[in-house]
Amino acid sequence: MNKMYGERYEIGDKIGAGGMAIVYKAKDTLLNRTVAIKVLREQFVSDEAFIRRFRREAQSAASLSHQNIVSIYDVGKDGNEEYIVMEYVKGQTLKEIIRNRAPFSAENAIYIIRQIAEALAHAHANHIIHRDIKPQNILVTDDGRIKVTDFGIARAVSAATLTNTGDIVGSVHYLSPEQAKGAQTNEQSDLYSLGIILYELLTGKVPFDGDTPISIALKHIQEQPELPSKIVPSIAPELDAVVMKSLAKSVEDRYQSASELLDDLERILTGQTVVWDKKTVLDTDAQKTE
């Protein structure tokens, strides 16, 4: 007989792993449905303060109900093992798809980003900030539906006494300048990370790279990204504008809400002009003297 969690969830194949947890496909024997179970890695289980934060954040995220957000069904403990039971999504991570197919056309990139932005708009309206938006945390179903996972969990992880280097490497390319400085995160931090994903979808590369996580984090704080159209000349100025406004160093110069970003994407799709303050966003010297 396969391992059971909570005398209810029959564990099947391992389907993913990260610095924080291992994810298994499982069967909910009570409701007779397939689920995914995220089991915390051993090094986190001994940290009681972390476990409290982890449960609180998971329960908070469970209140979200949106077609572009992976649903959380249950949070539990079996022996020493802490786990979250989630909606099972058959498909690939957006990171896998980017590796195989980027760069994307403007239309396809917007199609993906709009769904992530809709998920963020719903979460932010419920006062939940993701804090770790990256393609590895975005699932794509076989029919093209986007599902964002791990809402709120990043807050518990970032507060943990144990930091996993693999997690830092995976996330640092999508880190906002304020996160890189260790400052407070907000809705605009998520939108910055979303801007990085849009950049990567359009160009096939992230705007900032380096040999170490620290060197990449410093670039988020200090350097301006190359315009996407300098890499892929067919990218329209309006899309350049959306990307660069999302990636402004100053929180005040970014989109103030996911809805505002969605409005500009709609303008692009309907052939309208997108207005942005190029001097404010690109004036690197001004940013450094803040």
Side-chain angles (χ1 to χ4, degrees), residues 16 66-70 89-123 130 132-150 169-176 188-209 216 219-220 224-248 254-255 258-274 276 281:
H66 191 274
Q67 63 180 1
N68 297 121
I69 295 176
V70 173
V89 179
K90 186 181 179 185
Q92 296 177 284
T93 68
L94 183 57
K95 191 65 176 180
E96 290 169 319
I97 290 172
I98 287 172
R99 284 196 193 105
N100 293 329
R101 291 176 48 192
F104 286 77
S105 68
E107 291 77 12
N108 286 339
I110 290 172
Y111 173 79
I112 292 168
I113 293 297
R114 283 175 80 184
Q115 292 186 69
I116 304 170
E118 294 277 8
L120 290 176
H122 178 75
H130 193 289
D132 194 21
I133 288 291
K134 59 186 178 184
Q136 295 91 327
N137 280 337
I138 295 161
L139 305 175
V140 185
T141 66
D142 292 341
D143 61 356
R145 170 74 56 81
I146 298 297
K147 294 272 194 177
V148 185
T149 190
D150 279 359
V169 172
S171 301
V172 74
H173 291 99
Y174 306 92
L175 209 63
S176 67
Q188 287 74 41
S189 307
D190 282 348
L191 298 177
Y192 180 95
S193 302
L194 184 58
I196 299 275
I197 295 176
L198 177 55
Y199 193 107
E200 190 177 13
L201 288 168
L202 292 168
T203 66
K205 57 175 70 175
V206 290
F208 303 117
D209 207 351
I216 300 168
K219 288 180 181 181
H220 283 292
Q224 288 297 338
E226 188 174 18
L227 280 171
S229 61
K230 294 282 188 186
I231 301 168
V232 180
S234 60
I235 292 172
E238 284 77 16
L239 260 180
D240 270 347
V242 169
V243 171
M244 300 307 282
K245 185 172 180 179
S246 300
L247 300 186
R254 281 179 225 152
Y255 288 102
S259 297
E260 195 180 310
L261 170 59
L262 283 163
D263 287 345
D264 268 358
L265 293 176
E266 185 63 30
R267 288 186 185 97
I268 290 173
L269 290 173
T270 55
Q272 300 176 59
T273 302
V274 173
W276 64 303
V281 173

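Note: hydrogens, waters and symmetry copies are ignored here, and every other heavy atom, side chains too, is used.
- Interatomic distance, Asp143 CG to Lys90 NZ, rounded to the nearest 0.5 Å: 11.0 Å.
- Not one N or O on the side chain of Lys147 forms a donor-acceptor pair closer than 3.5 Å with the backbone of Val140.
- Among all heavy-atom pairs drawn from Ala119 and Val148, the shortest one is CB-CG2, 3.9 Å.
- Atom CD1 of Ile69 is separated from atom NE2 of His130 by 9.0 Å, given to the nearest 0.5 angstrom.
- Side chain to side chain, Thr149 and Asn137 fail the donor-acceptor criterion of an N or O pair below 3.5 Å.
- Heavy-atom minimum distance, Arg254 versus Ser176: NH1-CB, 4.4 Å.
- The aromatic rings of His220 and Tyr192 stand perpendicular to each other, their planes meeting at an angle above 60°, with 30° marking the opposite boundary.
- Using a 4.5 Å heavy-atom threshold, the side chains of Ser246 and Leu198 count as separate.
- Looking only at side-chain heavy atoms (C-beta outward), Thr93 and Gln136 stay at 4.5 Å or farther from each other.
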Item checked: From CA spacing to verdict: side-chain contact (heavy atoms from CB on, under 4.5 Å), Ile197, Ile112 -> CA-CA 10 Å; Ile197 295 176; Ile112 292 168; 5.6 Å; no

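- A search for salt bridge (charged side-chain N to carboxylate O under 4.0 Å, His left out) contacts involving Arg267 returns Asp264, not counting sequence neighbours.
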Check: Do Leu201 and Leu94 pass the side-chain contact (heavy atoms from CB on, under 4.5 Å) test, and can you show the C-alpha distance, the side-chain angles, and the key distance before you say yes or no?
Finding: CA-CA 10 Å; Leu201 288 168; Leu94 183 57; 4.3 Å; yes

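- With contacts defined as side-chain heavy-atom distances shorter than 4.5 Å, the pair Asp132/Asp150 does not qualify.
- Looking at Lys134 and His173, their side chains never come closer than 4.5 Å, going by heavy atoms from C-beta outward.
- Looking only at distances, a side-chain donor or acceptor of Thr141 sits under 3.5 Å from a matching main-chain atom of Arg145.
- Between Gly91 and Asp142, the shortest heavy-atom contact is CA-OD1, 3.6 Å.
- Counting heavy atoms from C-beta outward, Tyr174 and Ile133 have side chains that stay 4.5 Å or more apart.
- The minimum heavy-atom distance between Leu247 and Gly195, with the atom names listed, is CD2-C, 3.8 Å.
- Separation of atoms NZ (Lys219) and CD (Gln224) is listed at 13.5 Å; rounding is to 0.5 Å.
- Salt-bridge check for Glu200 with Lys95: passed, with a basic side-chain N closer than 4.0 Å to an acidic carboxylate O.
- Not a single salt bridge (charged side-chain N to carboxylate O under 4.0 Å, His left out) links Lys205 to another residue, sequence neighbours left out.
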Margin query: Working note: Tyr255 + Val242, criterion side-chain contact (heavy atoms from CB on, under 4.5 Å); need CA distance, chi angles, decisive distance, verdict.
Written below: CA-CA 9 Å; Tyr255 288 102; Val242 169; 3.5 Å; yes

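- Smallest separation of non-hydrogen atoms from Leu194 and Ile113: CD1-CD1, 3.6 Å.
- Within the model, atoms CG of Leu239 and OG of Ser234 stand 10.0 Å from one another, a figure rounded to the nearest 0.5 Å.
- At distances below 3.5 Å, at least one donor-acceptor pair connects side-chain atoms of Tyr199 with backbone N or O atoms of Glu226.
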Next item on the list: Go through Asn68 and Gln115 one step at a time and tell me if the side-chain hydrogen bond (donor to acceptor under 3.5 Å, both in side chains) criterion holds.
Entry: CA-CA 6 Å; Asn68 297 121; Gln115 292 186 69; 3.1 Å; yes

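- One distance of note links CD of Glu96 with CG of Leu139; it measures 9.0 Å at 0.5 Å rounding.
- Considering Val243, Val232, Asp240 in turn, Val243 is the only one that fulfils the side chain to side chain contact (heavy atoms under 4.5 Å, CB included) rule with Leu202.
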Margin query: Walk me through whether Arg114 and Ile146 qualify under side-chain contact (heavy atoms from CB on, under 4.5 Å).
Written below: CA-CA 9 Å; Arg114 283 175 80 184; Ile146 298 297; over 6 Å; no

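- For the pair Thr203 and Pro103, the tightest heavy-atom approach, listed with the atom from each and the gap, is C-CB, 3.8 Å.
- For Ser105, the side chain to side chain contact (heavy atoms under 4.5 Å, CB included) partners two or more places apart in sequence, or in a different chain, are Glu107, Asn108.
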